[in-house]
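Report on one structure; see the data block that follows.
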Amino acid sequence: MSSLSSEEIAYYESVHCDRQWRLFNQALGMELGEGLPDSELKALFARLGRRVAQSMPLERCQTVAELEAAMNRAWADMRWGFVRLHEDEDRLWLQHHCQPLVASFGSVSLPWAQSFFEGVYEGWLEAQGSPAALAVSALVPDAVEPTVSPRIHLQLHRRADR
């Protein structure tokens, strides 16, 4: 199991999970997982993510650092963790820390959680002027990450179909 960073530990110490929803959300997660195909769940959660992005528009940003700060102000308002952005020659890497979806809905929800964050980040980046030829996609969790990892790893990259 991977260890949490000091930043993640500080975040978890500053918030607590509301127990009143835990059993309900886990039961809902199990029902969704048994009742709908993965492709439909992923599409549903990506649409939910886009709606969240539309509901929490970011101010116009000029740099990656400004973009990260704007995203983190939105996440702080929801108490949904934080993101770290890293840019290299041909990609923007996003690592969302302390996301609550998997802990709330159970490990069965990891693919949907990834799709939710794909939708949010793609919506925010499109609103910032990201070309339609670019897409946000989650990276497959690597074998050392626990299945209920508080981290979601994503990348902004050129769409394969364009």
Side-chain angles (χ1 to χ4, degrees), residues 1-5 7-58 71-72 74-85 91-127 130 132-162:
M1 181 173 197
S2 65
S3 61
L4 297 177
S5 70
E7 193 174 23
E8 288 169 319
I9 291 168
Y11 178 84
Y12 282 125
E13 287 174 349
S14 72
V15 298
H16 60 277
C17 181
D18 196 333
R19 292 184 307 193
Q20 80 184 84
W21 289 102
R22 190 172 298 142
L23 287 175
F24 175 83
N25 286 347
Q26 288 176 351
L28 178 61
M30 287 187 285
E31 286 299 317
L32 286 170
E34 292 173 8
L36 292 173
D38 277 349
S39 60
E40 288 182 32
L41 284 169
K42 287 178 178 182
L44 171 65
F45 274 76
R47 287 193 309 272
L48 290 171
R50 284 186 166 276
R51 285 188 188 271
V52 166
Q54 290 170 351
S55 297
M56 297 187 323
L58 304 178
M71 290 173 170
N72 283 326
W75 290 128
D77 189 50
M78 287 181 63
R79 295 174 43 161
W80 270 44
F82 56 94
V83 67
R84 292 292 172 249
L85 305 181
R91 292 183 199 269
L92 177 67
W93 302 94
L94 304 93
Q95 187 177 55
H96 191 99
H97 298 259
C98 305
Q99 58 82 20
L101 289 176
V102 175
S104 183
F105 287 99
S107 60
V108 67
S109 69
L110 179 60
W112 328 330
Q114 291 173 324
S115 294
F116 173 81
F117 286 100
E118 287 172 348
V120 171
Y121 288 118
E122 197 164 282
W124 277 341
L125 291 167
E126 284 176 3
S130 177
L134 299 179
V136 174
S137 61
L139 303 175
V140 177
D142 103 63
V144 297
E145 285 285 329
T147 57
V148 291
S149 172
R151 298 181 192 116
I152 300 281
H153 304 274
L154 306 117
Q155 63 179 330
L156 175 67
H157 60 95
R158 185 163 301 285
R159 292 182 193 277
D161 59 340
R162 304 224 176 189

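- Of the inter-residue distances, the one linking Leu44 atom CG with Leu36 atom CG reads 7.5 Å to the nearest 0.5 angstrom.
- Remark: Glu126 CD to Gln54 CD distance equals 9.5 Å, nearest 0.5 Å.
- Using modelled atom types, one side-chain atom of Arg159 and one backbone atom of Ala132 make a donor-acceptor pair closer than 3.5 Å.
- Glu31 CD to Gln26 CD: the interatomic distance, rounded to the nearest 0.5 Å, is 13.5 Å.
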| message | Test side chain to side chain contact (heavy atoms under 4.5 Å, CB included) on Phe105 and Met30; report intermediate values, then the result. | response | CA-CA 8 Å; Phe105 287 99; Met30 287 187 285; over 6 Å; no

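- Leu154 places none of its side-chain heavy atoms less than 4.5 Å from the side chain of Trp93.
- Contact annotation: the side chain of Leu101 never approaches that of Trp112 to less than 4.5 Å [non-hydrogen atoms, C-beta and beyond].
- Within the 4.5 Å cutoff, no side-chain heavy atoms of Arg50 are placed close to those of Val120.
- Using a 3.5 Å distance cut-off with no hydrogens or angles, the side chains of His97 and Gln99 do not pair a donor with an acceptor.
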| message | For a side chain to side chain contact (heavy atoms under 4.5 Å, CB included) check, start with the C-alpha distance between Ile152 and Leu94, then their side-chain angles and the critical distance, and finish with the verdict. | response | CA-CA 8 Å; Ile152 300 281; Leu94 304 93; over 6 Å; no

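- For Arg91, the CZ atom counts as densely surrounded, since its 6.0 Å shell holds more than 12 non-hydrogen atoms of other residues, nucleotides or ligands.
- The closest donor-acceptor contact from the side chain of Asn72 to the backbone of Val83 lies under 3.5 Å.
- Taking NZ of Lys42 as the start and CD of Gln114 as the end, the distance is 7.5 Å to the nearest 0.5 Å.
- Remark: the backbone N or O of Met56 is paired with a side-chain donor or acceptor of Trp124 at under 3.5 angstrom.
- Note on ring orientation: taking the six-membered ring where Trp is involved, the planes of Trp80 and Trp75 are parallel (angle under 30°, cut-offs 30° and 60°).
- Looking at every heavy atom in both residues, Met78 comes nearest to Val52 through SD-CG1, 4.3 Å.
- Side-chain contact check for Leu32 versus Leu41: some heavy-atom pair is nearer than 4.5 Å.
- Counting only distance, with no hydrogens or angles, the side chain of Glu118 and the backbone of Ala138 share a donor-acceptor pair below 3.5 Å.
- Atom OG of Ser104 sits about 10.0 Å away from atom CZ of Phe24, to the nearest 0.5 Å.
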| Stepwise side chain to side chain contact (heavy atoms under 4.5 Å, CB included) test for Leu125 and Glu122 | CA-CA 5 Å; Leu125 291 167; Glu122 197 164 282; 5.9 Å; no

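- No donor-acceptor pair under 3.5 Å is formed between the side chain of Gln155 and the backbone N or O of His157.
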